[in-house]
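Position 1 is the first residue of the sequence, and the numbers go up from there. Values in this document were obtained by computation on a predicted structure and should not be read as measured data.
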Amino acid sequence: MPSPHGRPLPFSSRTSPPVSRRGLLLTGASAATATALALAAAPARAAHGPRRPFGRYGSPADRLTPGTLYVHPGGAGDFTTVQAAVTAATGTGRVLVLAPGTYRETVSVDADRTGMTWIGASRDPRDTVIVHHNAAGTPKPDGSGPYGTSGSATTTVRPDGFTARRITFANDWLRTDLPGTSGTQAVALKVQGDRSAFTHCRFLGHQDTLYADSPSPDTFARQYFSHCYAEGDVDFVFGRATAVFEHCHFRTLTRPDLTGAPYGFVFAPSTAGANPRGYLVTRSTVSSEAPDGYYKLARPWVPSSDTTARPMLTVRDTRLGPGIDAVAPYTAMAAGHPWQDQRFAEYRNTGPGAVVTVPENRPRLTRAQAAAHTPETYLGDWHPRPAAR
């Protein structure tokens with residue numbers, strides 16, 4: 001995308017001092033900051049794991065299933081990197097158990113690894129971190145040019161039926177790494193497959209953190225995010241998937257490089273025009289460490305590769321904190337594609353960012369219309385919710 005010039009949780013817009021993503025991942029947060037950020041705070045490095053590094057999920061000597069592979073950065077598993085395990089996990093239905101640790105690498109999962117499951121062995125997703133630091137403008141080592149947005153992803157997941165539980169996906173690239181570049185997109189996770197489910201996972205970055213997408217405009221990939229946490233500043237949840245975010249927490253970051261609002265945008269869907277369902281956010285929370293009113297809730301992304309896109313976002317039964325501009329929560333990304341022509345709507349939201357002061361700026365569903373905007377209607381014949389809990 002172009003660079004710009006749950007149950008509700010009790011977060012305010014000023015619960016913590018600004019902390020950079022790299023600072024959290026590499027040097028750790030103070031106890032006070034960690035308490036304030038809750039799921040946002042990451043450990044300094046790999047937490048000291050239990051004597052059984054894979055917990056209740058077995059070990060190479062006692063496998064959960066014959067198709068289970070174990071990853072441990074210190075060598076106690078089958079592999080020391082996630083990518084090596086993915087490469088070895090041919091076929092369908094394979095399970096990867098990741099021991100607590102910081103896996104600094106990029107990971108790419110081919111589309112033929114259908115039905116794959118990744119499990120963070122710790123119950124705390126902060127303990128298992130997959131992180132790298134490429135941005136769209138970062139030059140490739142082979143001299144062939146920059147990575148681009150998709151190429152910047154720390155983790156790229158293409159297969160259908162992918163599941164991840166209790167893992168942190170992060171991109172800790174900082175704008176100061178390439179001063180003056182316009183390629184500031186830095187994806188933590190790009191997911192494209194249908195029936196992709198993430199439970200108790202965390203997505204950390206700045207611009208374009210979570211890329212919930214599909215392989216092509218005519219492929220309607222369904223994705224489900226439950227009890228997850230995502231943070232960033234510009235368009236940090238974006239793409240054209242049919243994605244349901246339930247009991248999730250979205251947190252907007254401060255922008256020391258800017259002197260005024262807006263700092264950024266939470267959602268930037270690019271739903272295909274033929275797709276009847278885009279992003280659904282329900283029973284969730286949007287909080288901020290930035291000043292009040294410095295963030296827009298969303299802007300539509302109509303990419304040059306699909307000018308017929310008609311972005312769709314419904315936010316319902318969700319607490320919008322004071323960081324959201326309640327007067328004008330939506331804005332355009334590009335001339336010719338005003339947000340009013342897209343499919344944006346809200347229903348029964350609460351919090352300072354949900355206060356309706358200019359009705360024409362807050363499209364709202366009726367009760368009858370809201371009945372068509374539920375996880376069940378978006379996910380259809382796929383039922384991940386009971387298993388995800």
**Asked** Are side-chain N/O atoms of S216 and T219 paired as donor and acceptor at under 3.5 Å?
**Response** yes
**Request:** Using a strict cut-off of less than 4.0 Å between a Lys/Arg side-chain nitrogen and an Asp/Glu carboxylate oxygen, indicate whether R104 and D172 qualify as a salt bridge.
**Result:** yes
**Prompt:** Does R166 come within less than 4.0 Å of D124, counting only side-chain N to carboxylate O?
**Reply:** no
**Item:** Validation row: Y229, C201 side chains within 4.5 angstrom (heavy atoms)
**Value:** no
**Asked** What distance separates L297 CG from L313 CG, expressed to the nearest 0.5 Å?
**Response** 6.0 Å
**Prompt:** Would you say the side-chain atoms of T106 and H132 include a donor-acceptor pair closer than 3.5 Å?
**Reply:** no
**Asked** Would you say R343's side chain and R310's backbone share a donor-acceptor pair under 3.5 angstrom?
**Response** yes
**Item:** Non-hydrogen atoms of I130 and T155 that approach each other most closely
**Value:** CG2-OG1, 3.6 Å
**Prompt:** Under the 3.5 angstrom rule, does the side chain of Y347 hit a backbone N or O of Q369 as a donor-acceptor pair?
**Reply:** no
**Prompt:** Taking the side chain as C-beta and beyond, is there a heavy-atom pair between N134 and W173 under 4.5 Å?
**Reply:** no
**Message:** Could you tell me if the side chain of T149 sits less than 4.5 Å from the side chain of F238, heavy atoms only?
**Reply:** yes
**Fill in**
One should read off an interatomic distance between S196 OG and R222 CZ, to the nearest 0.5 angstrom, of 10.0 Å
**Prompt:** Can you name the nearest heavy-atom pair linking G260 to Y294, along with the distance?
**Reply:** C-CE2, 3.8 Å
**Message:** Between F245 and Y224 (judged by ring centroids, cut-off 6.0 Å), do the two rings come close enough to count as a pair?
**Reply:** no
Donor-acceptor list for residues 69-78 side chains, cut-off 3.5 Å, not counting sequence neighbours:
unit_1	atom_1	unit_2	atom_2	d
Y70	OH	Y57	O	2.6
Y70	OH	S59	N	3.4
Y70	OH	L64	N	2.8
H72	ND1	G74	N	2.8
H72	ND1	G75	N	3.4
H72	ND1	A76	N	3.4
D78	OD1	R63	NH2	2.8
D78	OD2	R63	NH1	2.8
D78	OD2	Y70	N	2.8

**Asked** How long is the gap from OG1 on T271 to CZ on F220, to the nearest 0.5 Å?
**Response** 10.0 Å
**Prompt:** Hey, which of Q207, Q185, H206 is the one that makes side-chain contact (heavy atoms from CB on, under 4.5 Å) with V234?
**Reply:** Q207
**Prompt:** Just by distance, with hydrogens left out, do T308 and D306 show a side-chain donor and acceptor under 3.5 Å apart?
**Reply:** yes
**Message:** Working to the nearest 0.5 angstrom, can you tell me the gap between L320 CG and T350 OG1?
**Reply:** 7.0 Å
**Request:** Identify the residue among F225, Y279, F267, F236 that makes a ring-ring contact (aromatic ring centres under 6.0 Å, His included) with F250.
**Result:** F267
**Message:** Could you check whether T242 and N275, counting side-chain N and O atoms only, form a donor-acceptor pair closer than 3.5 Å?
**Reply:** yes
**Item:** Donor-acceptor side-chain pairing of T163 and R195 below 3.5 angstrom
**Value:** no
**Message:** When you group the ILVMFWY residues by side-chain heavy-atom contacts below 4.5 Å and let the links chain together, are M333 and V187 in the same group?
**Reply:** yes
**Gap separating the OG1 atom of T90 from the CG atom of D110, nearest 0.5 angstrom** = 11.5 Å
**Salt-bridge criterion met for R175 and D233 (N-O under 4.0 Å)** = yes
**Request:** For the pair E346 and R362, find out whether any cationic side-chain nitrogen is under 4.0 Å from an anionic carboxylate oxygen.
**Result:** yes
**Prompt:** Can T168 and R202 be counted as having a side-chain donor-acceptor contact under 3.5 angstrom?
**Reply:** yes
**Item:** Residues H373 and Y378: side-chain donor-acceptor under 3.5 angstrom
**Value:** yes
**Prompt:** Going by distance alone, is a donor N or O of one side chain under 3.5 Å from an acceptor N or O of the other, for T285 and R319?
**Reply:** no
**Message:** Within the 4.5 Å heavy-atom criterion, are S287 and H249 side-chain neighbours or not?
**Reply:** yes
**Request:** Assess the side chains of D142 and S144: does a donor N or O sit below 3.5 Å from an acceptor N or O?
**Result:** yes
**Asked** Backbone N or O of T318 within a donor-acceptor pair of the N349 side chain at under 3.5 Å?
**Response** yes
**Message:** Under a 4.0 Å threshold between the charged nitrogen and the carboxylate oxygen, would D208 count as salt-bridged to K190?
**Reply:** no
